[in-house]
2 protein chains.
Amino acid sequence: MNQIRILLVDDHPVVRAGLRAMLSDFEGISVAAEAADGDAALRELKRLQTLGDPVDVVLMDLQMGAGMDGVTATAQIRLLEAAPPVLILTTYDTDADILAAVEAGASGYMLKDAPPEQIRQAVLAAAAGQTALAPKIAALLMNRIANPAPALTPREIQLLELLATGLSNRAIAKKTFISEATVKTHLVHIYGKLGVDNRTAAISEATQRRIIRAPGQ
Amino acid sequence: MNQIRILLVDDHPVVRAGLRAMLSDFEGISVAAEAADGDAALRELKRLQTLGDPVDVVLMDLQMGAGMDGVTATAQIRLLEAAPPVLILTTYDTDADILAAVEAGASGYMLKDAPPEQIRQAVLAAAAGQTALAPKIAALLMNRIANPAPALTPREIQLLELLATGLSNRAIAKKTFISEATVKTHLVHIYGKLGVDNRTAAISEATQRRIIRAPGQ
DNA sequence: CTCCGGGTCAACCATTTGGTTGATCCGGCG
DNA sequence: CGCCGGATCAACCAAATGGTTGACCCGGAG
């Protein structure tokens, strides 16, 4: 069997070195290239494709400091012709992350604290066109399907974002040109959907579920 | 010059592999041992000491899923006889993290997205008994000195952290074994120092100033 | 010793937020 | 057409939060 050629995408040199070292220990797997963010990954993919040296699997981190983030990058990659499968390898396991990645077309989702052997299995599965989910992730998804989270409306998300900046109900009302009463109504709905009963908890919960960005991010 | 012997402490196999690979590329540096958490690190240190094979520098992550966390581990290590310098290598750069680590006796603070050469320099500095701060961290500290942030007391930071998880005043009081009145007093002080006038704004401001971590991080 | 700052608490009051009920408007769907 | 859900608003009450004043204890600096 041919070598499985991999593109590593991670903004941490340390992690890239670790994956390179770990993967090169395995028979049949080799690291073809590396990239520090989504843009660079796309460039690398195209470059290698035109060289007639395409990669078989992309190993992608989700959080990348500066450039294009992992979910966006995954979606972009899946738009390419002859797009390689994208295997997500990240530290975060919020359901929002996972769902976003899967929606973007990821073919697997692993956590960085996984033992080497699990990562190897996932790479092999991805290369074979199969899906690979870390056990933790699989459990999370099952749970998600069992109790589906109520979806927030765009308006509610908008208010949630203003909420997170520290505005009062009145200030939010002014800024969105609605009455304070309406703001309160929305908030009550939001609390219900998030399973909390005050604004700070809503912010905390929404941030953890990655419905909104962390304040100041 | 003798080899600098290092103990790696990180709960992610991937990261350990990366550091091992990266460090072994450098002349004069070798990885003597690895540990997945603080407890294991202490055991390793003692074991190697009794073997007459002590390590020169500990490279320590701050966040470790299960076992003893990095700050605690650092403090414990510094209590040992002939304690080696501890160099923190982590993803997080909030004030609270940095201060806690320095207080615990860390001799350096690097970020995981640092280029290999910077990490190497930091290891050499630590081995020589010097302090090594990542440029980003140094800049952060300088900035803190330039615009004298009204210093929050440790107690205030602690309450701020609880605040950010969405707890009510009463819940915070219960959790910290103080009265609700005292919680309010602290909050008023916090609002004053941060220049805000409500709890959500305090969270937003404190997160942006990196006094605390974003909720859920 | 005295002073000061951090941490603790109480009492009080104004304002904000939380929670409920009910109502209107509008756009899409069967 | 009638129904439903999202968005809007009002009125009302209960509870939490914000803001102030004053007080006590303690440990460290002068």
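Everything numeric here is computed off the predicted structure, so don't read it as measured data.
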### Task
State whether His189(B) places a side-chain N or O below 4.0 Å from either non-bridging phosphate oxygen (OP1 or OP2) of dG6(C).
no
### Query
Can you tell me if Ser204(A) and Gln208(A) form a side-chain donor-acceptor pair at under 3.5 Å?
yes
### Summary
Closest to the side chain of Thr153(A), out of dC9(D), dC9(C), dG6(D), is dG6(D)
### Query
Can Thr185(A) and Thr182(A) be counted as having a side-chain donor-acceptor contact under 3.5 angstrom?
no
### Task
Mind calculating the distance between CZ (Arg170(A)) and P (dA10(D)) to the nearest angstrom?
13 Å
### Query
Counting just side-chain N and O atoms, does Asn169(B) come under 4.0 Å of either OP1 or OP2 of dT17(D)?
yes
#### Entry: Separation of atom CZ in Arg199(A) from atom C1' in dT16(C), rounded to whole Å
8 Å
### Query
In whole angstroms, how far is the P atom of dT17(C) from the CD1 atom of Ile172(A)?
8 Å
### Query
Once you round it to whole Å, what is the distance between P of dG19(C) and NZ of Lys184(A)?
11 Å
### Query
Among the nucleotides dG18(C), dT8(D), dT17(C), which one has an atom lying closest to any side-chain atom of Asn198(A)?
dG18(C)
### Summary
From the list Val57(A), Val55(A), Ile6(A), Leu7(A), side-chain contact (heavy atoms from CB on, under 4.5 Å) partner of Pro84(A) resolves to Val55(A)
### Query
Closest to the Glu156(B) side chain: dA10(C), dG19(C), dG7(C)?
dG7(C)
### Query
Can you check the Arg155(B) CZ to dC9(C) P distance for me, whole Å?
9 Å
### Exercise: identify the closest heavy-atom pair between Arg78(A) and Pro85(A)
NH1-CA, 3.4 Å
#### Entry: Integer-rounded Å distance: dC9(D) C1' and Lys174(A) NZ
17 Å
#### Entry: Separation of dT15(C) C1' from Tyr191(B) OH (nearest whole Å)
13 Å
### Task
Look at the side-chain N and O atoms of Thr182(B) and state whether any lies under 4.0 Å from the OP1 or OP2 oxygen of dC9(C).
yes
### Task
Can you figure out which of dT8(C), dG19(C), dT8(D) approaches the side chain of Ile178(B) most closely?
dT8(C)
### Query
Stepwise, does the salt bridge (charged side-chain N to carboxylate O under 4.0 Å, His left out) test hold for Lys112(A) with Asp11(B)?
CA-CA 9 Å; Lys112(A) 276 188 186 161; Asp11(B) 62 333; over 6 Å; no
### Query
Rounding to a whole Å, what distance do you find between Glu180(A):CD and dC12(D):P?
16 Å
